[in-house]
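A short worksheet on the structure shown next.
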Amino acid sequence: MRVLFMGTPDLAAECLRAVYEKEGVEVIGAVTQTDKPKGRGMKMIAPPVKVFAEEHGIPVWQPQTLKDGAFEETLKELDPDLIIVVAYGKILPPYVLEYPKYGCVNAHGSLLPKYRGAAPIQRAIIEGETVTGITSMYMDDGIDTGDMILKLECPITDEDNFGTLHDKLAVLAGEAMCMTIDRMNDGTITREKQPDDGANYAAKITKEDSVIDFTKSPREVFNQIRGLSPMPYAMTRTPDGKLLKFTSAEVPGAEESDAEPGTVLSVDGGKIKIACGGGVLNVTGVVPEGKKPMPAADYIRGRKISAGDLLKYE
RNA sequence: CGCGGGGUAGAGCAGUCUGGUAGCUCGUCGGGCUCAUAACCCGGAGGUCAUGUGGUUCAAAUCCCUUCCCCGCAA
């Protein structure tokens, strides 16, 4: 089967790997976003899918847009039987969706119809979900609204953060795509319309999402911290105005405090105990401004923080 | 050349403005106390202060300059 792969970030690259290594599948090309200037010095960074593809001799296309005729020509030359799309980042016009005889399938990082959109993994953790997964579906002209083919579930534990869950889902996404291809081959593939009930959107993570509101419950802040770790991290500011990001935390038993939310209650035992709405939270890992991630114990040793400090953004 | 912070002992930091024999909290090693301990007490090791036969000086971690590396912000 001639497969054209379209995707951009790490999760897509992992999925591409799975499909690439699958028997009977020929990945005839990879379409990904253009290189973009990123980071300090605005250096050009190649998307992970491009990196993988080039390492394995897969031809790469990085069209600025799919809306003009240029890509349509390419598509006809490639003549794929199936197009797999994973986190590509551009809307596919109808001529692309309709071209392959096996259609365009997509792997999405949630159990649809929940968490459609850009940041399903982070949002699921932030919202305190205990289970999520990968949904394989046929694409239509909406955002993650296509008919569903299969779902693979994945539990979310208290030990999970965005990083660990992302890695698990990346593997599942690869499996989901391989299973989808198998079902196409043996004719057992099915399609199920997404129910309207329970549908919602997982909006892109913005800066506002990473600012911590200590008036929220310890559990909510905990979910925010791990949902944004290791990227971009939940953050606040120290009394001297420096940014302080939290990489990890724990919710201790039922402890209460009537201190103002955001107040550092103690720094004993290598943990920063902070007053939140209706309880306390122990922060165990931080990233000080201009520094690398470090255990809270190290940060405390440098005496950058002490009981009584009020953490507050702005 | 987008803006900014930083590179001092294994870790995290102070000291730099106002040059004058390198310090703190830990870790580590040895000893002590203890039924016991990640607790406590005593003692020790460990640093060319990123780089440069660089500059200034009687004297540079500290002032000036070079190069390299790390990080945050912004996109």
Side-chain angles (χ1 to χ4, degrees), chain A residues 7-13 32-51 62-65 87-91 117-119 121-122 126 159 161-163 166 202-214 221 224-253 255 262-274 280-314:
Chain A
T8 302
D10 284 315
L11 189 129
T32 189
Q33 294 270 22
T34 52
D35 292 6
K36 288 189 175 158
K38 269 194 154 190
R40 268 178 301 281
M42 304 295 276
K43 289 180 281 257
M44 296 299 274
I45 300 295
V49 163
K50 179 184 182 182
V51 174
Q62 297 177 282
Q64 197 67 242
T65 176
Y88 173 51
K90 286 189 192 297
I91 304 290
I121 307 176
Q122 294 97 319
I126 292 170
E159 284 70 46
N161 61 26
F162 171 51
H166 168 279
K204 195 169 67 175
I205 299 293
T206 67
K207 185 168 188 166
E208 285 66 49
D209 291 308
S210 57
V211 174
I212 297 172
D213 175 1
F214 289 106
V221 177
Q224 179 185 8
I225 290 171
R226 63 202 186 98
L228 299 178
S229 177
M231 186 64 166
Y233 290 129
M235 62 178 177
T236 185
R237 284 186 191 280
T238 50
D240 60 3
K242 293 271 177 61
L243 274 184
L244 184 64
K245 301 182 175 185
F246 294 161
T247 62
S248 59
E250 2 173 281
V251 179
E255 288 187 45
T263 301
V264 175
L265 301 173
S266 80
V267 293
D268 301 330
K271 296 170 183 175
I272 305 168
K273 189 182 288 286
I274 301 172
V280 303
L281 183 72
N282 286 334
V283 173
T284 56
V286 304
V287 185
E289 182 173 327
K291 293 295 185 178
K292 296 181 182 181
M294 65 178 74
D298 282 357
Y299 184 64
I300 293 164
R301 252 179 236 118
R303 296 152 180 232
K304 291 294 192 180
I305 194 167
S306 53
D309 287 350
L310 179 63
L311 302 176
K312 193 175 186 179
Y313 195 82
E314 290 179 310

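Atoms considered below: every heavy atom in the structure, side chains included; atoms not considered: hydrogens, waters and symmetry mates. Just so we're on the same page: letters track the sequence lines, and every chain starts at 1.
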Self-check item: Other residues, nucleotides, ligands: >12 heavy atoms within 6.0 Å of A/K90 NZ
Solution: yes

Exercise. Starting at atom NZ of A/K36, determine the distance to atom C1' of B/A74, rounded to an integer number of angstrom.
Key: 16 Å

Quiz item: By a strict heavy-atom criterion of less than 4.0 Å, which residues belonging to residues 300-308 of chain A are in contact with RNA chain B?
Solution: A/R301, A/G302, A/R303, A/K304

Quiz item: To the nearest angstrom, how far is A/D298 atom CG from B/A9 atom C1'?
Solution: 15 Å

Exercise. Rounded to the nearest angstrom, tell me the gap between atom OH in A/Y233 and atom C1' in B/C71.
Key: 12 Å

Quiz prompt | Watson-Crick/G-U partner (both atom distances under 3.5 Å) of B/C73 | solution = B/G2

Quiz item: Would you call A/E250 and A/K271 a side-chain contact if the rule is heavy atoms closer than 4.5 Å?
Solution: yes

Quiz item: Given B/G6, is OP1 or OP2 found less than 4.0 Å from the side-chain N or O atoms of A/K292?
Solution: no

Quiz item: 5'-most contact on RNA chain B: A/A297 or A/E289, nearest heavy atom basis?
Solution: A/A297

Quiz item: When rounded to the nearest 0.5 angstrom, what is the spacing between NZ in A/K245 and CD1 in A/I212?
Solution: 11.0 Å

Exercise. Determine which nucleotide pairs with B/G19, using a 3.5 Å limit on both distances of a Watson-Crick or G-U wobble pair.
Key: none

Quiz prompt | Interatomic distance where NZ belongs to A/K242 and P belongs to B/C13 [whole Å] | solution = 11 Å

Exercise. Remember a base hit wins even if backbone is also touched, and classify A/K245 as base, sugar-phosphate or nothing at under 4.0 Å, heavy atoms.
Key: sugar-phosphate

Quiz item: Expressed in angstrom and rounded to an integer, what is the separation of A/M294 atom CE from B/G10 atom P?
Solution: 17 Å

Quiz item: Counting side-chain heavy atoms from C-beta on, which of B/G6, B/A11, B/C73 comes nearest to A/K207?
Solution: B/C73

Exercise. Provide the Watson-Crick or G-U wobble partner of B/C40, both distances under 3.5 Å; none if there is no partner.
Key: B/G32

Quiz item: Nearest 0.5 Å, what's the OG1-NZ distance between A/T8 and A/K50?
Solution: 11.5 Å

Quiz item: In Watson-Crick or G-U wobble terms, both distances under 3.5 Å, what is the partner of B/U57?
Solution: none

Practice problem: Would you kindly give the CG-to-C1' distance between A/L243 and B/C71, to the nearest whole Å? | Solution: 12 Å

Quiz item: Does the side chain of A/F214 reach to within under 4.5 Å of the side chain of A/T236, using non-hydrogen atoms?
Solution: yes

Quiz item: Roughly, in whole Å, what's the span from CD in A/Q33 to P in B/A75?
Solution: 18 Å

Quiz item: Looking only at atom P, what distance separates B/U16 and B/U21, rounded to whole Å?
Solution: 13 Å

Practice problem: Using Watson-Crick or G-U wobble geometry with both distances below 3.5 Å, tell me the partner of B/A50, or none. | Solution: B/U67

Exercise. Look up atom NZ in A/K242 and atom CE in A/M235, then write down how far apart they are to the nearest 0.5 Å.
Key: 15.5 Å

Quiz item: Is there any side-chain hydrogen bond (donor to acceptor under 3.5 Å, both in side chains) pair reaching into residues 280-291 of chain A, and which pairs are they, with sequence neighbours excluded?
Solution: A/S248-A/T284, A/K273-A/N282

Quiz item: If we take the C1' atom in both B/G23 and B/U8, what is their distance in whole Å?
Solution: 10 Å

